[in-house]
Each structure stands twice: as structure tokens, then as C-alpha cells.
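Read through the structure below, which is laid out as C-alpha cells, and then see the notes.
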2 protein chains.
Amino acid sequence: MTETTLTEQHRELLDQVLDKWSLQILEALCGSPLRFNELRRAIPLVTQKSLTAALRRLERNGMVERVVTGTRPVAVEYRITPLGDSLQDLIDALLHWTTETLPAVERARASFDDA
Amino acid sequence: MTETTLTEQHRELLDQVLDKWSLQILEALCGSPLRFNELRRAIPLVTQKSLTAALRRLERNGMVERVVTGTRPVAVEYRITPLGDSLQDLIDALLHWTTETLPAVERARASFDDA
DNA sequence: CGGTATCCAGAAAGATACTG
DNA sequence: CAGTATCTTTCTGGATACCG
């Protein structure tokens, strides 16, 4: 039997890769690799600081790869890794679940907010 | 074709039901319904405030049900709903993924932290 | 028992300016 | 282009006290 307890390590990993900006970064990169400023444009509300932080976290956890190509001016490309691809499957499952349950959730919210 | 874009609504829902405490609450409740202080004991590090806030959020989104039984003293039972059960399946998938990829993630972290 | 209310400290996030 | 540094503000989370 495999152990199925939700430990702090599991939760920490999920927190680091499923946060607000990381979801959108992964979604943007799953089509094709993008440069830093291309990512900024793909995710309109993100600040430079938050984008940098999220990218570093994803890179540290092996989900994206940072590739420096040019030298003057510097060109940096971010691409999804195989590990990131497996995460993308999971995100698709999350997205599928939200799409399915959102109507019921909205009904629950409306009835809760009445009371 | 179904639309598979990650909108703000989808992300908001995930944020509200997949946060640190909600994951542990759902895990605790999936066995059997629990009272408020039983939940506190089941999740050692949670404060009263955080537990209350997470329970209200889960209740509002239709994931758990709050059942008041006694009158003096008050007895409150929290039980998982069918919607919460569907979320539990998803959490199992998350847990399965973390269990599978954690070794690779730890290698990635070690190599990142070296540089 | 099952909460609410209040206060406060520390972390996170936004704005701005600067750099190789 | 791709960031870093700094400052400020905002939000979260813990500690504590109290209530029906």
C-alpha cells in the first residue's frame, strides 16, 4: 500500500506550483517557449517582480527551464520541462473540474449569501 | 469544443478550495463528519480563526455542510457534501502527482540551489 | 462548545527607479 | 532586454480576550 497522507512536503510543492501566477505561466508556456517580456504581455496583470519570483520558483522546482541565448542584448527564453508537462496534465484536470462544478458552486454561493 | 481557458473565475475557485487549511479539512472530513473542536485536534497547527475562515469559505462554495444539532450546549457538525466529494477525487489526483514527482523535484531543487 | 472581536507584527504585493 | 533594489502599502496570521 502506498501512503496517501497529505504531508507538509506535498502541500508545500502544490503551493509553489499551483499559485495564481504559476498557473498562468504554465498555461502560456505550454504552447511554445516565450521570452520574459512576451510572458509579461501574455499575463497582463502580473508585475515584473511577481513574474520573476514565480519563474524562479518554477525553475527551482524543475517545471520550467531558463535558456540564455544572446549576449548583446541578452535574450532569455523560458520553456516548459517534462516535469512541467506532467503538471500541465494536472492543471487540465483542475480546469476540467472547475468548469464542471462552477455552476453548482455559484448556486451554493448565492444561497449562502442570502442567509 | 469546450473552452479550456483558465479564467479568473476558475482560478478564484481553486484558490478558495485548495488552500493550505482547506486541503486538510477535506481530508479530515472525508472519513466521517466532525465537530469543530474535533477538527481543531485533527489539524494541530490551525488556529481557531483560520479554521473558522476556511470552514466558512468551504461552506459558501458548497463543499462542506454545517449542521447544528444540539441547543444547550450547541453542537455543530461539519460534513462533506457531494460537491466536496468530487473535490476529494481531485485532491487525490494532486496527492498522487506530488508523490510521483517529489523525488524529481527534490533533485531539481538541489541542482538549482548549487548554482 | 463554538465561535466573534480586536490588536498587532510580519509577509506579501505594488510602485518606482536604476543597471549590465 | 531582463532583470535588481528599494520603499511603501496592503493583507494575512497569530495572540488574546470575550460571548451566547
Side-chain angles (χ1 to χ4, degrees), chain A residues 8 11-26 28-29 32-61 63-80 112-113 115, chain B residues 8 11-26 28-29 32-61 63-80 112-113 115:
Chain A
E8 179 60 26
R11 217 198 41 64
E12 185 205 16
L13 175 56
L14 292 174
D15 270 0
Q16 294 201 10
V17 300
L18 291 184
D19 63 288
K20 174 172 178 171
W21 300 124
S22 296
L23 290 181
Q24 297 178 62
I25 292 171
L26 269 302
L29 291 184
S32 71
L34 292 176
R35 309 258 301 261
F36 185 81
N37 283 326
E38 289 175 328
L39 270 172
R40 281 191 78 177
R41 284 187 287 275
I43 307 171
L45 295 176
V46 76
T47 63
Q48 209 169 29
K49 186 181 177 180
S50 301
L51 181 56
T52 303
L55 282 170
R56 288 293 167 280
R57 214 166 34 237
L58 288 174
E59 190 194 355
R60 178 170 184 269
N61 286 287
M63 301 293 144
V64 306
E65 189 185 3
R66 183 177 181 272
V67 186
V68 183
T69 58
T71 43
R72 197 164 338 281
V74 199
V76 178
E77 203 179 68
Y78 290 93
R79 63 177 64 230
I80 212 165
F112 181 92
D113 292 344
Chain B
E8 180 59 26
R11 217 199 40 65
E12 185 206 14
L13 175 56
L14 292 175
D15 270 0
Q16 293 201 10
V17 300
L18 291 184
D19 63 290
K20 173 173 177 173
W21 300 124
S22 296
L23 289 182
Q24 297 178 62
I25 291 170
L26 268 303
L29 291 183
S32 70
L34 292 176
R35 307 260 301 263
F36 185 82
N37 282 325
E38 289 176 328
L39 271 171
R40 282 191 78 176
R41 284 187 287 275
I43 307 170
L45 294 176
V46 76
T47 65
Q48 208 169 29
K49 186 181 177 179
S50 302
L51 180 57
T52 302
L55 282 170
R56 288 292 168 280
R57 217 168 30 240
L58 288 174
E59 190 194 354
R60 177 170 186 269
N61 286 288
M63 301 293 145
V64 305
E65 190 185 0
R66 183 177 180 271
V67 186
V68 182
T69 58
T71 44
R72 199 165 336 283
V74 199
V76 178
E77 204 179 68
Y78 291 93
R79 63 177 64 231
I80 213 166
F112 182 92
D113 292 343

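Naming convention: chains lettered A, B, ... in sequence-line order (proteins, then strands); numbering from 1 in each chain. These numbers come from the heavy atoms of this one structure, side chains and all, not from hydrogens, waters or symmetry mates.
For the pair Phe36(B) and Lys20(A), nearest-nucleotide mapping onto DNA chain C gives the more 5' position to Phe36(B).
Of the candidates dG3(D), dA2(D), dG14(D), the closest approach to any side-chain atom of Lys49(B) belongs to dG14(D). Between dG13(D), dG20(D), dC1(D), one nucleotide has an atom nearer to the side chain of Val74(B) than all others, and that is dG20(D).
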Apply the test side chain to side chain contact (heavy atoms under 4.5 Å, CB included) to residues Ile25(A) and Tyr78(A): give CA-CA distance (whole Å), side-chain angles for both, the deciding distance (0.1 Å), then the verdict.
CA-CA 10 Å; Ile25(A) 292 171; Tyr78(A) 290 93; over 6 Å; no
For the pair Arg56(A) and Arg66(A), evaluate side chain to side chain contact (heavy atoms under 4.5 Å, CB included) and give the outcome as yes or no after the intermediate values.
CA-CA 9 Å; Arg56(A) 288 293 167 280; Arg66(A) 183 177 181 272; 3.7 Å; yes
What's the verdict on side chain to side chain contact (heavy atoms under 4.5 Å, CB included) for Leu45(B) and Trp21(B), showing C-alpha distance, side-chain angles and the deciding distance?
CA-CA 10 Å; Leu45(B) 294 176; Trp21(B) 300 124; 4.1 Å; yes
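To the nearest angstrom, C1' of dT4(D) lies 14 Å from CG of Leu51(A). Atom CD of Gln48(A) and atom P of dC7(D) are 18 Å apart (whole Å). Rounded to whole angstrom, the span from the CG atom of Leu45(B) across to the P atom of dG13(D) amounts to 14 Å. Rounded to a whole Å, the CG atom of Leu39(A) is 10 Å from the P atom of dA2(D). At whole-Å resolution of the value, CG in Leu34(A) and P in dA2(D) are 11 Å apart. dT12(D) atom P lies 15 Å from atom CG of Asp15(A), rounded to whole Å.
The shortest distance between the side-chain N/O atoms of Thr52(A) and the OP1/OP2 oxygens of dA2(D) is not below 4.0 Å. Checking the phosphate oxygens (OP1, OP2) of dC1(D), no side-chain nitrogen or oxygen of Arg40(A) falls inside 4.0 Å. Phosphate proximity of dC1(D) to Arg35(A): absent, as no side-chain N or O sits under 4.0 Å from OP1 or OP2.
Applying the side-chain contact (heavy atoms from CB on, under 4.5 Å) criterion to Asp15(B), with sequence neighbours excluded, gives Arg11(B).
Looking only at distances, no side-chain donor or acceptor of Ser22(A) sits under 3.5 Å from a matching main-chain atom of Leu18(A).
Between Asn61(B) and Phe112(A) the shortest side-chain heavy-atom distance does not fall below 4.5 Å.
Closest of all the heavy-atom pairs between Leu51(B) and Val46(B) is N-CG2, 3.7 Å.
Heavy-atom contacts of chain B under 4.0 Å fall on DNA chain C between two terminal nucleotides, which in 5' to 3' order are dC1(C) to dC7(C).
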